[in-house]
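Counting starts at 1 for both ligands and their atoms, in listed order. Owing to the predicted nature of the structure, the values given are computational and were not obtained by experimental measurement.
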Amino acid sequence: MEAKLKRNFVLTGHAQSGKTTLSESILFFSKASSRMGSVAEGTTVSDYSFDEIERKVSISASALTFKYNNLQIQIIDAPGYADFIGEVISSARAVDAGVLVIDAVSGIEVGTERAWEILEAQRLARIIFINKIEKEGANPSGVLSEVKERFSKKAILLESLDSPELIEAVAESDDKLLEKYLETGTLSKEEVVSALRKAVINCQVFPVINGSAVSHKGIKELIDAVIDYFPSPLERASLKGKDTKTNEEKDITISEDSGFFAFVFKTISDPYVGQLTMLRVFSGKLASNTSFYNITKGSKERIGQIYILHGKDQRAIEAAACGDIVAIAKLKDTATSDTLGEEGNSIILAPMKFPEPAISSSVKPKSKQDEEKISGSLAKLVIEDPTFKVSRDHQTKELIISGVGDLHLGVMIGRLKKRFNVEVDLGTPKVAYRETIIKSAQVQGKYKKQSGGRGQYGDVWIKVEPLPRGGDFEFVNDIFGGAIPRNYIPSVEKGVKLAMSEGTLSGNPMVDIKVTLYDGSYHTVDSSDIAFQIAGRMAFRKAVQEAGIILLEPIMEVEVYVPDEYMGQITGDLNSRRGRILGMDTKGKLQVVKATVPLAEMFTYASDLRSITGGRGSYSMKFSTYEQIPQKIAAGIIAQAQQAKKEDEEE
Ligand SMILES: Nc1nc2c(ncn2[C@@H]2O[C@H](COP(=O)(O)OP(=O)(O)O)[C@@H](O)[C@H]2O)c(=O)[nH]1
Ligand SMILES: [Mg+2]
């Protein structure tokens with residue numbers, strides 16, 4: 001199928017706004033399904049996995065593919081809960097546009113904002129669907145005003161093409177049209193449609209549609225708008241990549257006839273075929289049973305059958321073409337965030353950035369059999385979910401799992417049991433503290449053992465520098481003139497990474513550090529991979545000591561909804577939790593307090609809020625950033641960690 005006949009978009013928004021139900025309604029309307037499934041009954045095409053059916057919420061993004069009026073439409077239905085935000089981040093990298101679903105009763109919620117930000121970051125064309133308009137208390141016009149105020153004045157109700165507001169907005173996006181409009185006072189229908197299409201693609205107008213997924217209102221309008229105004233894969237926002245040879249930014253050519261170019265946005269596991277790698281083809285074509293070049297890894301990989309997905313159904317296709325979102329089974333070397341193409345191409349797309357896990361918990365296998373299987377099973381879960389991490393506490397030797405929130409960890413434990421038959425006891429969740437540095441330092445790390453027999457020799461000079469929050473880790477090789485042979489550079493990086501994961505002050509991993517390897521020396525006989533790993537680790541440990549270490553803690557963005565009379569108590573309570581009040585707002589009959597609060601202070605919030613408000617308050621929470629822990633509290637955490645370490649050594 002020609003790329004101009006394809007449309008794809010992500011369905012995104014706050015949890016419970018009706019995205020999955022809307023996807024069912026779209027499938028039903030376009031005759032891709034003969035009956036409409038329901039989330040409550042666990043019969044939707046999109047929420048097909050056992051955990052989604054059990055919990056009645058979307059957990060993983062799933063792809064839906066169908067034909068409508070000779071067009072191929074692909075939808076990714078993304079989950080709305082903050083704990084699964086990683087799915088929205090990756091879905092946004094697979095599509096050309098987004099439909100933002102907002103509940104007409106609740107209006108803009110935390111998840112709505114986050115979804116908007118993610119779509120904005122990829123400059124994706126957007127349609128806003130205000131859902132549940134048939135429900136009591138629905139206020140679509142109020143929601144629209146809120147959208148205009150908080151997101152964009154260019155959010156415009158798509159009621160009729162003669163609405164003066166729409167015509168004006170469209171005219172403003174094009175000088176020639178504006179001139180004609182000012183002169184004649186009108187524009188033809190064709191002019192409005194084609195200019196609106198351009199404006200939507202350029203994010204100058206965001207059409208708004210009112211509707212109801214359960215009573216099939218606004219569904220035809222939505223599908224028509226997707227076809228008329230969303231970009232085809234050839235018209236999407238331009239894509240920029242980095243040339244790995246020159247480090248220059250380059251535009252990606254998007255066309256059906258140029259070389260194959262794709263991005264791996266997700267890896268999922270299927271009970272029958274095993275690991276499925278999901279990719280978006282941006283350019284060119286890839287046939288089944290051939291091979292591609294993994295540009296990120298610099299290696300060629302053979303492939304078998306390519307599939308196009310529709311919920312849990314996999315349809316074998318001969319080839320994946322420009323614009324398609326497809327899956328390939330059992331790839332060996334290809335991972336999420338890799339860029340794929342043809343040999344000789346050196347341009348890669350930026351890897352995805354996911355939130356650091358904010359919450360950790362120890363896991364203890366229940367039986368001997370569980371113990372044998374746990375590491376392998378956890379490793380598989382990590383491959384599928386870039387926001388899920390597994391580590392070992394260096395002091396207690398316990399296995400630690402970390403994730404975005406407690407719901408996230410709960411889902412992972414459920415998967416361990418159901419998919420791998422591994423049962424564990426979960427410890428009390430703990431805050432995932434991090435360490436970082438405050439200034440830069442340059443040091444030498446030298447590992448030398450040259451007394452009799454074959455020796456060991458590795459010598460490196462590195463510079464460490466603080467990165468902004470969320471910067472994670474960067475390793476720069478600045479070696480000139482072969483001071484260290486090329487093959488030992490990855491060894492140094494490995495040693496540095498190991499030291500980073502061990503932490504220094506409190507045993508928590510270090511983050512947001514740039515390490516530049518700029519000098520060193522080697523010995524033709526005694527140098528080895530291991531020697532350079534040790535030297536890298538030594539250098540890093542020394543460098544961070546000189547660079548000043550601080551402790552970081554996760555800070556959450558919290559929204560509390562309460563009746564007016566509790567406002568005083570609620571803000572007082574948030575203050576006592578080291579919270580910072582950002583603002584207050586009214587939503588229907590409720591007051592909304594927005595604040596940032598350290599996660600460490602929020603563990604008992606659900607029950608505390610219940611007792612303050614007699615069950616009338618509710619709240620939502622999402623990870624915001626890591627910030628430095630106040631000195632006094634940090635001192636306590638460090639003392640505790642060192643005590644634990646001491647006890648451990650005495651044992
Ligand atoms: N009244 C009403 N309820 C809806 C509508 N769309 C979805 N719902 C309900 O809202 C809840 C959440 O729906 P779901 O599709 O799972 O939302 P998602 O989390 O955004 O995918 C379910 O109970 C749906 O039945 C609608 O148009 N009107
Ligand atoms: Mg859903």
Side-chain angles (χ1 to χ4, degrees), residues 9-29 33 35-64 75-92 95 98-116 118-119 126-140 143-144 208-223 266 268 309-312 404-405 407-408 411 588 618 620 622:
F9 63 90
V10 59
L11 267 175
T12 177
H14 195 76
Q16 300 291 317
S17 54
K19 300 174 292 296
T20 301
T21 312
L22 182 59
S23 71
E24 280 296 312
S25 191
I26 292 172
L27 293 179
F28 182 67
F29 178 85
S33 297
R35 63 180 281 259
M36 176 146 166
S38 112
V39 177
E41 286 159 23
T43 51
T44 64
V45 179
S46 152
D47 285 357
Y48 62 83
S49 69
F50 74 89
D51 38 17
E52 295 177 311
I53 292 172
E54 188 183 289
R55 292 171 193 259
K56 301 187 182 15
V57 298
S58 308
I59 293 171
S60 319
S62 34
L64 309 171
I75 301 179
I76 297 190
D77 177 30
Y81 282 100
D83 284 44
F84 311 119
I85 192 73
E87 297 287 305
V88 186
I89 294 173
S90 51
S91 302
V95 294
V99 171
L100 182 75
V101 182
I102 310 182
D103 184 318
V105 181
S106 326
I108 296 177
E109 299 169 86
V110 200
T112 329
E113 275 175 5
R114 195 69 214 279
W116 179 268
I118 292 170
L119 297 173
R126 269 151 273 175
I127 290 174
I128 295 160
F129 190 83
I130 302 181
N131 189 30
K132 309 195 187 179
I133 54 164
E134 87 322 321
K135 200 172 164 183
E136 201 192 321
N139 178 10
V143 175
L144 178 57
V208 177
I209 295 171
N210 290 333
S212 160
V214 287
S215 43
H216 305 286
K217 287 205 181 72
I219 309 302
K220 179 174 187 331
E221 288 78 356
L222 177 60
I223 301 181
K266 193 171 157 59
I268 57 178
L309 304 185
H310 180 60
K312 64 173 180 297
V404 182
L407 178 59
H408 186 203
V411 164
S618 64
S620 66
K622 68 167 193 197

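At least one heavy atom of Asn131 lies less than 4.0 angstrom from ligand 1. Within the 4.0 Å heavy-atom shell around ligand 1 one finds Ser17.
Of all non-hydrogen atoms in Glu134 and Val214, the two that sit nearest each other are OE2-CG2, 3.8 Å. Closest approach of Met36 to Glu24, counting heavy atoms only: C-OE1, 3.8 Å.
Val10 is listed as a side-chain neighbour of Leu119, based on a closest heavy-atom distance under 4.5 Å. Between Phe129 and Leu11 the shortest side-chain heavy-atom distance does not fall below 4.5 Å. No side-chain heavy atom of Pro79 sits less than 4.5 Å from a side-chain heavy atom of Ile59. Counting heavy atoms from C-beta on, the side chains of Ser17 and Asn131 never come closer than 4.5 Å.
Among protein heavy atoms, the minimum distance from atom 24 (C) of ligand 1 is reached at Thr21 OG1, 3.7 Å. Protein heavy atom nearest atom 27 (O) of ligand 1, with residue, atom name and distance: Ala213 N, 2.9 Å. Looking at atom 11 (C) of ligand 1, its nearest protein heavy atom turns out to be Gln16 OE1, 3.5 Å.
Within the 4.0 Å cut-off (strictly below), a protein heavy atom is located near atom 1 (N) of ligand 1.
Polar contact check, Thr20 against ligand 1: a nitrogen or oxygen pair lies under 3.5 Å apart. Where the criterion is an N or O separation shorter than 3.5 Å, residue side chain and backbone included, Ser212 meets it with respect to ligand 1. Between Lys19 and ligand 1, an N or O atom pair is found at a separation short of 3.5 Å. Of the N or O atoms in Lys56, none lie within a sub-3.5 Å distance of an N or O in ligand 1. Geometrically, ligand 1 and Val214 share a nitrogen or oxygen pair separated by less than 3.5 Å.
Between Lys19 and Asp77 there is no salt bridge, since no side-chain N of the basic residue sits under 4.0 Å from a carboxylate O of the acidic one.
Considering Val143, Leu100, Ile127, Ile128 in turn, Ile128 is the only one that fulfils the side chain to side chain contact (heavy atoms under 4.5 Å, CB included) rule with Val208.
For the atom pair OG (Ser25) and NZ (Lys220), the distance works out to 13.5 Å, reported to the nearest 0.5 Å.
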Stepwise side chain to side chain contact (heavy atoms under 4.5 Å, CB included) check, Ile118 with Ile85: CA-CA 10 Å; Ile118 292 170; Ile85 192 73; 3.8 Å; yes
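Looking at Lys135, Lys132, Glu52, it is Lys132 that brings a heavy atom closest to atom 10 (O) of ligand 1. The nearest non-hydrogen atom to atom 17 (O) of ligand 1, considering only Ser58, Ala138, Gly18, Gly111, comes from Gly18.
Atoms OG of Ser58 and OG1 of Thr20, as seen from the Mg ion (ligand 2), are separated by an angle of 90°, to the nearest 10°.
Residue-level proximity to ligand 1 for Val39 is carried by the side chain, the only part with a heavy atom below 4.0 angstrom. Of the heavy atoms in Glu134, only side-chain atoms (C-beta onward) come closer than 4.0 Å to ligand 1.
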